[in-house]
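Some notes on the structure that comes next.
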Amino acid sequence: MNFPWQKHPVIRGALILTLAGLITRILGFFYRIYLSNLIGAENMGLYQLTGPVSGICFALCCGPIQTAVSRFCAAASAQRKQRQTAKYLFTGLLLSECAAFLCMTALYSSAPVLAEHLLGNSRCTLLLRILALSLPLSAAHAAISGYCYGKKQAAPPAVCQLLEQLVRIATLVLIANRMTASGVQPGAWAAALSLLVGETASLTFSAFCLSILLRKDALNFSNTLFLENTSDTCSGEQTDFSSSGSSLFSRIRAILRMSFPLAANRLLLGLLQSLEAVQIPARLILFGSSSEEALSIYGVLTGMALPFLFFPFALTNSVSVLLLPSVAEAQSLGDDARIRRTIELALSYSLYIGILCTGIFAVYGKAMGQLFFPDTAAGSYLSVLGWLCPFLYPASMAASILNGTGRTGVTFRQNLIALGCRICFVIFLIPHMGIRAYLYGMLASELLLVLLHVRSLCRNFPFAFSAWYRIIRPMAAIAAAVMGSGMLPVFGNNFCSLVLRCSYTCIVYLLFLVLTREMQS
């Protein structure tokens with residue numbers, strides 16, 4: 001029996017990244033539990049408040065340039081222009097480091113003002129300054145990762161993320177042991193500092209891997225030189241890949257042309273998310289919560305429940321990251337059929353994973369929250385947020401494919417619409433419904449986003465999709481699996497019982513899908 005992941009290069013290439021992602025998510029999962037118990041819900045809320053600021057900085061100097069480097073390197077590799085890949089890498093590094101040092105200087109000097117007036121809490125000043133110091137490291141690491149993804153070398157970024165998580169955890173444990181031995185409870189700064197140390201270790205290892213890859217490319221260059229000089233140039237949008245690498249200025253222009261819509265997308269989204277992060281506690285106060293209660297609710301939601309929800313992203317994010325260079329490569333070769341097959345597989349498997357996760361979180365979310373976190377509200381949030389999964393995971397896949405085809409402006413507009421929908425729930429409904437309004441807003445915005453993304457894909461690359469086979473069938477599978485798990489003997493609300501039931505649900509679900517995989521009409 002031949003499974004699709006044995007034949008499809010994206011799925012096969014994502015296995016290494018998925019394995020590392022799973023291990024990293026498991027470690028991060030226990031890290032979040034340890035951190036929430038160590039610093040408490042209020043400090044967790046403070047730490048999460050800096051997340052949107054981090055997103056804004058990442059939008060300016062890391063993520064968009066990584067995406068552009070990945071896309072141009074993949075297209076150059078497909079056309080056997082090996083020398084151009086290194087040129088795009090160093091151009092990306094130059095741009096990202098310039099932007100990172102500017103952001104670092106601005107953020108470090110303005111941290112007190114931002115903490116007081118943007119985040120509404122002066123205790124965030126130290127966190128913002130530690131974040132500022134990490135920006136040049138993150139920028140260099142992102143550009144190198146983009147080069148590796150473009151070259152279909154998933155192992156170095158995979159090992160880097162695993163190493164970063166291990167160093168981050170070790171640093172936090174070391175700080176906690178030293179502080180508690182002195183009778184002092186660590187604050188949110190401990191989490192920020194551990195992030196900085198982890199990023200330093202990750203960049204060091206990625207630079208070492210890069211030196212090996214560049215040396216390998218230099219050895220192979222003489223074998224590809226003739227092919228590079230005689231390869232055909234592509235027309236339309238594809239000419240960027242063949243002609244834009246002739247000079248430093250043209251490469252800067254090509255990278256900026258692609259990364260600007262992505263940067264504007266992430267920057268505006270980051271600003272809106274900052275507004276959202278500030279407004280959630282403020283609107284909860286209008287609902288009747290005290291300032292401390294509002295900050296604790298926000299910390300429980302974003303620091304405890306949401307990391308649980310994003311745990312399965314280890315399965316989908318690795319595929320999503322590698323989809324972009326794969327789609328760019330197919331587009332540079334004019335292979336629309338391959339793009340359509342990629343869309344069908346990506347959406348199908350992300351739906352399968354999303355429906356499985358919805359069943360697990362909806363049924364066992366409360367038990368997970370009660371077992372792993374000191375605040376029982378985390379489980380209630382998780383059982384509601386679980387319904388996001390069938391929309392959240394396909395949306396990330398569809399966005400990656402759209403970016404891979406150069407339609408970054410489309411993802412920008414659609415993300416903006418979805419986030420605007422969510423902010424409306426925050427501003428107008430939280431004062432009347434409490435935090436439940438934010439949960440419902442997340443559901444509505446993600447549903448809207450995935451519909452918009454899929455509509456754009458259908459218009460540009462019409463693909464086959466069976467609602468029965470891709471949606472109804474897995475829904476029947478999860479219903480059968482959940483009902484069967486309810487018949488298992490109960491050993492109390494403990495870890496072993498929860499793992500047994502979740503494992504049984506996953507096994508029955510997968511068996512159902514495998515046994516019915518030939519039933520597509």
Side-chain angles (χ1 to χ4, degrees), residues 1-8 11 14 18 22 308-317 319-320 340-368 379 382-398 439-440 442-444 446-451 453-455 457-458 463-490 497-521:
M1 181 180 293
N2 291 323
F3 293 95
W5 57 76
Q6 295 174 306
K7 298 179 289 184
H8 201 278
I11 305 298
T18 299
L22 276 173
F308 244 103
L309 185 72
F310 293 141
F311 180 82
F313 256 116
L315 299 172
T316 60
N317 189 56
V319 179
S320 179
R340 284 193 293 269
R341 290 195 303 271
T342 300
I343 293 172
E344 292 169 9
L345 281 171
L347 294 182
S348 297
Y349 286 104
S350 59
L351 272 173
Y352 292 160
I353 295 172
I355 292 173
L356 170 63
C357 293
T358 292
I360 290 177
F361 289 140
V363 176
Y364 303 113
K366 289 186 179 180
M368 291 177 180
L382 188 59
S383 63
V384 176
L385 290 172
W387 295 96
L388 277 171
C389 298
F391 315 126
L392 191 65
Y393 307 149
S396 68
M397 295 282 195
L439 304 182
Y440 300 151
M442 290 187 70
L443 289 170
E446 286 299 327
L447 174 59
L448 177 61
L449 183 62
V450 73
L451 290 176
H453 282 352
V454 171
R455 177 174 173 268
L457 289 175
C458 287
F463 59 92
F465 188 86
S466 170
W468 144 252
Y469 192 74
R470 306 300 184 189
I471 299 177
I472 305 300
R473 186 174 63 104
M475 288 177 63
I478 193 62
V482 167
M483 286 189 293
S485 67
M487 301 178 186
L488 295 176
V490 179
S497 177
L498 185 60
V499 169
L500 175 64
R501 291 179 181 276
C502 291
S503 300
Y504 176 88
T505 301
C506 293
I507 292 171
V508 173
Y509 178 80
L510 293 175
L511 284 175
F512 190 104
L513 293 183
V514 170
L515 293 175
T516 59
R517 66 188 300 265
E518 303 297 337
M519 294 174 58
Q520 185 170 11
S521 57

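Residue numbers run from 1 in the order of the sequence given.
- Looking at every heavy atom in both residues, A398 comes nearest to L347 through CB-CD2, 4.4 Å.
- For the atom pair OG1 (T358) and OH (Y393), the distance works out to 7.5 Å, reported to the nearest 0.5 Å.
- Going from atom OG of S466 over to atom CD1 of I472 covers 9.5 Å, rounded to the nearest 0.5 Å.
- Looking only at side-chain heavy atoms (C-beta outward), L392 and M442 stay at 4.5 Å or farther from each other.
- To the nearest 0.5 Å, atoms CG (L443) and CG (L448) are separated by 12.5 Å.
- Closest approach of M397 and S350 over heavy atoms only: CG-CB, 3.8 Å.
- Summarising the geometry, atom CD1 belonging to I478 is positioned 5.0 Å from atom CG belonging to L356; distances are rounded to the nearest 0.5 Å.
- Between L498 and M368 the shortest heavy-atom distance is CD2-CG, 3.7 Å.
- Checked against the 6.0 Å centroid criterion, the rings of Y509 and F512 do not qualify as a close aromatic pair.
- Partner of F465 under the side chain to side chain contact (heavy atoms under 4.5 Å, CB included) criterion, out of I471, I343, V454: I471 alone.
- Applying the ring-ring contact (aromatic ring centres under 6.0 Å, His included) test to Y504 and every residue at least two apart in sequence or in another chain returns nothing.
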Requested in this report: Determine, step by step, whether I360 and C506 satisfy the side-chain contact (heavy atoms from CB on, under 4.5 Å) criterion, reporting the C-alpha distance in whole Å, the side-chain angles of both residues, the deciding distance to 0.1 Å, and the verdict.
Outcome: CA-CA 9 Å; I360 290 177; C506 293; 3.7 Å; yes
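- Of the options L388, L451, L385, a side chain to side chain contact (heavy atoms under 4.5 Å, CB included) to E446 is made by L388 and by none of the others.
- Evaluation of the side-chain contact (heavy atoms from CB on, under 4.5 Å) rule for A444 yields C421, F425 as partners, not counting sequence neighbours.
- Side-chain atoms of P474 and L513, non-hydrogen and from C-beta on, do get closer than 4.5 Å to each other.
- To the nearest 0.5 angstrom, F391 atom CZ is 5.0 Å from L447 atom CG.
- T505 and A481 make their closest contact through O-CB, 3.3 Å (heavy atoms, listed as atom of the first residue, atom of the second, distance).
- Although no hydrogens or angles enter the test, the distance criterion places no donor-acceptor pair under 3.5 Å between the side chain of S383 and the main chain of A362.
- The minimum heavy-atom distance between P390 and L351, with the atom names listed, is O-CD2, 3.6 Å.
- Between the R340 side chain and the F463 main chain, no donor and acceptor come within less than 3.5 Å of each other.
- The side-chain contact (heavy atoms from CB on, under 4.5 Å) search around S348 returns R470, not counting sequence neighbours.
- In this structure, S503 contributes its side chain and L500 its backbone to no donor-acceptor pair below 3.5 Å.
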